[in-house]
Amino acid sequence: MLVLVFNAGSSSQKSCLYDFDRERGRGLLTISNRGVGKSILENPLEPLWEADIDWTGSEEGGILTVESNNIEQEIKLENRETALEILLNTLIEGETKVIDSLDEIDVVGHRVVHGGAKYSQPVKIDADVKSAIADLIPLAPSHNPANLEGINTIEKILPKIPQIAVFDTAFHTTIPEPAKVYPIPYKYYEQGIQRYGFHGISHQYCAQRTAQILQQPLDSLKIVTCHLGNGCSLAAIKDGICIDTTMGFSPLEGLMMGTRCGSIDPQIIIYMMQEYGMDVEEINQVLNKESGLKGVSGVSNDLRAIAKAMSNGNTQAQLAYDIYLHRLKKAIGAMVASLDGLNALVFTAGAGENQSLLREQTCGGLSYLGLQLDLAKNDADPVDTNISTKNSQVQILVIHTQEDWAIATAAKEVMSAEAIAVKSSK
Ligand code: ADP
């Protein structure tokens with residue numbers, strides 16, 4: 001089965017093509033995932049082809065980078081309208097060609113950031129699903145339109161190919177009401193103001209991969225997954241089901257991030273409006289783009305640059321890092337409280353996978369919970385590895401998050417389930 005994955009963000013478009021048949025016979029592991037049915041996690045495959053559009057470089061156009069056949073090619077894009085067609089053409093033409101015709105693709109899986117309270121599973125896209133994604137645009141103004149753009153382009157170029165939406169919010173729909181409902185007048189909850197959570201595809205993948213690596217059933221584990229990229233969030237996962245997370249109504253709540261503030265006293269916003277005369281746009285800009293590591297350090301949103309500045313004695317950079325670490329440890333404690341215990345702590349995404357000092361200082365501060373880090377393993381660039389000592393009561397893992405692979409697997413599962421349903425109805 002050939003599965004094309006579209007992972008569109010506000011300023012980027014990542015795509016890849018997986019060929020499930022080419023690597024048939026690789027290890028499969030069935031993980032019982034109580035309440036959600038059986039979920040099959042296959043060992044991740046390498047994509048046959050990868051393409052990345054970066055829209056941040058210039059005003060109008062972007063840069064498309066394609067990798068396949070051990071070749072990397074860069075193409076300048078003039079505008080957004082034709083970009084996805086050019087991207088798809090690199091699958092069937094030139095040095096990056098990997099298939100003869102786009103019709104060979106069996107299914108397209110899309111990462112859709114916001115599925116609201118409605119979607120708790122991946123779904124086949126039809127007119128209703130598209131209008132639901134459009135209705136949710138006010139909740140994800142920079143992401144859901146890009147997701148719809150990708151869906152519509154595929155529909156136009158490849159009208160017969162089924163498309164599957166895999167939602168970043170879906171994994172969190174199991175969060176119980178005490179963790180989901182904000183303590184504001186209840187009518188707002190009824191109008192959709194609630195904690196949704198994000199990074200769900202990554203958190204779910206990491207939980208499943210943890211069970212696989214530890215060779216333990218997922219429904220016997222209490223896991224805290226730490227997705228630490230530019231955006232940062234934690235999830236508390238019990239028996240494979242998410243019961244709490246740090247992001248909320250939007251991806252602004254929770255941990256301190258690269259440029260986002262995370263949780264702050266909401267009165268600060270009222271004060272800024274009243275005392276500084278700031279309007280909605282200005283507040284949005286400050287809290288989403290000018291806060292977090294960047295805002296406190298004045299150096300960068302990137303932990304690598306922060307670390308460098310710290311080693312040069314920059315006290316603002318040191319403060320930014322100290323706040324980041326303090327809030328991370330505090331939030332892990334909150335997730336453990338939601339779980340009533342902990343079997344595994346998982347680090348993933350850019351900072352989680354690569355910042356060994358951050359992992360060391362986080363775990364060091366939580367040794368009373370039974371975490372014992374193996375310092376040598378932690379420093380050895382671990383990937384999909386258990387980095388705790390033999391005697392550690394809680395396992396500590398570094399997992400390379402593979403959202404695209406998780407989307408491809410989910411799209412394939414939806415198609416397989418549909419094929420079984422059609423067969424049994426005959
Ligand atoms: P995004 O959320 O944009 O996908 P990433 O997952 O790439 O972000 O994470 C970005 C963060 O990860 C930055 O703070 C960066 O410093 C850190 N990071 C990424 N790669 C490395 C690396 N090789 N070494 C240390 N830190 C890294």
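Whatever order the structure lists them in is the order used to number ligands and atoms, beginning at 1. Just so you know, these numbers use all the heavy atoms, side chains as well, and skip hydrogens, waters and symmetry mates.
- Considering only non-hydrogen protein atoms, atom 14 (O) of ligand 1 sits nearest to L303 N, 3.0 Å.
- Close approach to G231 involves these atoms of ligand 1, each under 4.0 Å from a residue heavy atom: 2 (O).
- Of all protein heavy atoms, the one closest to atom 26 (N) of ligand 1 is Q355 NE2, 2.9 Å.
- A distance of 6.0 Å or more separates the ring centres of F171 and H203.
- Considering backbone and side-chain N/O atoms, K14 never comes within less than 3.5 Å of an N/O atom of ligand 1.
- Nearest to atom 17 (C) of ligand 1 by heavy-atom distance, out of G352, A351, G229, is A351.
- At the top of the distance list for atom 15 (C) of ligand 1, counting protein heavy atoms only, stands D302 OD1, 3.3 Å.
- With 3.5 Å as the limit, one finds a donor-acceptor pair spanning the side chains of Q372 and T389.
- Considering I306, N354, L357 only, the shortest heavy-atom separation from atom 21 (C) of ligand 1 involves N354.
- Aromatic rings from Y205 and W405 are positioned such that their centres are separated by 6.0 Å or more.
- Taking the six-membered ring where the residue is Trp, the centroids of H114 and Y196 are separated by under 6.0 Å.
- The protein heavy-atom contact nearest to atom 3 (O) of ligand 1 is N230 ND2, 3.1 Å.
- S233 and H199 share a donor-acceptor pair across their side chains, judged by distance under 3.5 Å alone.
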Validation: residues 319-336 side-chain donor-acceptor distances under 3.5 Å, sequence neighbours left out:
from : atom 1 : to   : atom 2 : distance (Å)
Y321 : OH     : Q361 : OE1    : 2.5
D322 : OD1    : Q318 : NE2    : 3.1
R327 : NH1    : S263 : O      : 2.8

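- Qualifying side-chain hydrogen bond (donor to acceptor under 3.5 Å, both in side chains) partners for R111, counting only residues two or more places apart in sequence or in other chains: N7, D168.
- On a distance-only criterion, L228 and ligand 1 share no N/O pair closer than 3.5 Å.
- Donor-acceptor pairing under 3.5 Å is recorded for the side chains of N152 and K130.
- Distances between N or O atoms of G350 and those of ligand 1 include at least one value under 3.5 Å.
- In this structure, G258 does not count as a contact residue of ligand 1, since none of its heavy atoms falls inside 4.0 Å of the ligand.
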